[in-house]
Amino acid sequence: MRILVLGAGAIGGYFGGRLAAAGRDVTFLVRPARAALLAQNGLHVHSPHGDFAVAAPTTVTADAVRDPYDLVILGAKGYDLDSAVDAIAPAVGPDTAVLPLLNGMRHIDVLDDRFGPEAVLGGTCLAPLVLRADGSIDHLGEPHTLTHGELKGGTSARSSAIQEELTGAGFDAVESADILQDMWEKWVFLASAAGITSLMRAPVGDIVAAGGTALVEQLIAEVAGIAEEQGRPPRAAALAQTRAGLTAPGSPMTASMMRDIDAGHRTEVDHIIGDLLARAGDRPVDLLRTVFVHVKTYEARREREAG
């Protein structure tokens, strides 16, 4: 199976790197500067599951993509979605499966419109990853799961073939019969984690120590209520796991949105929080709106200072 991975950043570099290290036929679609860096230094990953390197990863730039691939893995940030779709378009043929690992749900409609709903899979990943300035990737915790499935539900010969390709590559691969439910549950967790740690600018353990558990639970309830409004209430086990993870005393966990704010980077607030608010209906979501305004205020200040 010929696999094209968009980017060699945190998500693409980690999962694509493990696939390449396991001998899969992987090509990274990258910008020229990243291609040069990978050619010079290789791809290096530091992980609790074992450090590894791909000495000479196969790369291609957008202007050189000519033929379709069997599988395209899309791990872009939400704000880069339009350019990412343009970049992968030459690689998508009649039999290509497009597997997005973006946060939220907005990207599904964009990909369906561009490539047709039959081409697009659902996907989500769980792995705390950071791309370092030298191009290496740090895996900060134990989870490293990639879940995929047919958006219409159930399994298929296509999803089973992809599962076979992903299995044994050094991460946990899951073929889901209800990927939309998995995506919504990931969104509930991520929006709650991003919301509370970005609002408080602190890890979970510090928020709990400051007496913030009730506030965390209020935010989880608001986000889970939106999922229910959309016909995808989190299952009891997923909701319990979210609550436990975001109220654990001493937990050092932060969300990537908070880390982006700390680093002065652009955030995915529109895709992770804003899109949820657009789906809230008449439900009271005052705390989630506060989170959104807080992060959008940071974004406005960042743009003003950059200009």
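Note that this is a predicted model, so its numbers are computed, not measured.
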**Q** For Arg18 versus Gly50, what's the shortest heavy-atom pair and its separation?
**A** NH2-O, 3.4 Å
**Q** Can you list, by chain and residue number, the hydrophobic cluster partners of Leu140 when the side-chain cut-off is 4.5 Å?
**A** Val130
**Q** Please determine whether residues Ile11 and Leu4 belong to a single hydrophobic cluster, defined as Ile, Leu, Val, Met, Phe, Trp and Tyr linked transitively by side-chain heavy-atom distances below 4.5 Å.
**A** no
**Q** Output the distance between atom CG (Leu121) and atom OG (Ser176), rounded to the nearest 0.5 Å.
**A** 11.5 Å
**Q** Output the distance between atom OG1 (Thr254) and atom CZ (Arg201), rounded to the nearest 0.5 Å.
**A** 12.5 Å
**Q** With sequence neighbours left out, what residues match Ala210 under side-chain contact (heavy atoms from CB on, under 4.5 Å)?
**A** none
**Q** Looking at Val188, Asp178, Ile226, which one forms a side chain to side chain contact (heavy atoms under 4.5 Å, CB included) with Arg232?
**A** Asp178
**Q** By ring-ring contact (aromatic ring centres under 6.0 Å, His included), which residues pair with Phe15, not counting sequence neighbours?
**A** Phe171
**Q** Minimum heavy-atom separation for Leu29 and Ala62, please, with both atom names.
**A** CD1-N, 3.5 Å
**Q** Quick one: which residue pairs count as a salt bridge (charged side-chain N to carboxylate O under 4.0 Å, His left out) with a foot in residues 48-70, not counting sequence neighbours?
**A** none
**Q** About how many Å separate NE2 of His107 and CG of Asp112, when rounded to the nearest 0.5 Å?
**A** 9.5 Å
**Q** About how many Å separate CZ of Arg31 and OG of Ser83, when rounded to the nearest 0.5 Å?
**A** 6.5 Å
**Q** Please report the shortest heavy-atom distance between Arg114 and Ala89, naming the atom on each side.
**A** NH2-CB, 3.6 Å
**Q** Which residues satisfy the salt bridge (charged side-chain N to carboxylate O under 4.0 Å, His left out) test with Asp206, sequence neighbours excluded?
**A** none
**Q** Which pairs, with at least one residue in residues 112-143 and sequence neighbours excluded, count as a ring pair (Phe, Tyr, Trp, His ring centres under 6.0 Å)?
**A** Tyr14-His139, His49-His139, His139-His144
**Q** Taking all non-hydrogen atoms of both residues into account, name the closest pair between Pro252 and Pro203 and its distance.
**A** O-CB, 3.6 Å
**Q** Please list, one pair per line, the donor and acceptor atoms closer than 3.5 Å that link side chains of residues 283-293 to other protein atoms, with sequence neighbours excluded.
**A**
from, atom 1, to, atom 2, distance (Å)
Arg283, NE, Gly225, O, 2.9
Arg283, NE, Glu229, OE1, 3.1
Thr290, OG1, Asp286, O, 2.9

**Q** Provide the full list of salt bridge (charged side-chain N to carboxylate O under 4.0 Å, His left out) pairs with a residue in residues 131-143, sequence neighbours left out, each pair given once.
**A** Arg132-Asp138
**Q** Is any side-chain heavy atom of Val269 closer than 4.5 Å to a side-chain heavy atom of Met257?
**A** yes
**Q** If you round to the nearest 0.5 Å, how far is CD1 of Ile3 from CD1 of Ile73?
**A** 5.5 Å
**Q** Of all heavy-atom pairs between Ala35 and Thr59, which one has the smallest distance, and what is that distance?
**A** CB-OG1, 3.9 Å
**Q** Does Arg34 have any side-chain contact (heavy atoms from CB on, under 4.5 Å) partners at least two apart in sequence or in another chain, and if so, which?
**A** Ala8, Val30, Leu37, Leu38, Leu43, Leu131
**Q** Just grab all the side chain to side chain donor-acceptor pair (under 3.5 Å) pairs involving residues 260-272, residues at least two apart or on different chains.
**A** Asn103-Glu268, Thr267-Glu299, Asp270-Lys296
**Q** I need the Ser256 OG to Ile272 CD1 distance, nearest 0.5 Å.
**A** 5.5 Å
**Q** Hydrophobic clusters here meaning ILVMFWY residues chained together by side-chain heavy-atom distances under 4.5 Å, can you tell me if Val26 and Leu146 are in one?
**A** yes
**Q** Return the minimal non-hydrogen interatomic distance between Leu101 and Gly123, and the atom names on each side.
**A** CD2-C, 4.0 Å
**Q** For residues 233-257, pull every pair meeting salt bridge (charged side-chain N to carboxylate O under 4.0 Å, His left out), keeping only residues two or more places apart or in separate chains.
**A** Asp182-Arg235, Glu185-Arg235
**Q** State which residue, out of Val216, Ile207, Val208, fulfils the side chain to side chain contact (heavy atoms under 4.5 Å, CB included) condition with Leu246.
**A** Val216
**Q** Output side-chain donor-acceptor pairs under 3.5 Å for residues 160-168, partner residues at least two apart or in another chain, one line each.
**A**
from, atom 1, to, atom 2, distance (Å)
Ser160, OG, Ser156, O, 3.0
Ser160, OG, Glu175, OE2, 3.1
Gln163, OE1, His148, NE2, 2.9
Gln163, OE1, Glu175, N, 3.3
Gln163, NE2, Thr167, OG1, 3.3
Gln163, NE2, Ala173, O, 3.1
Thr167, OG1, Gln163, O, 2.6

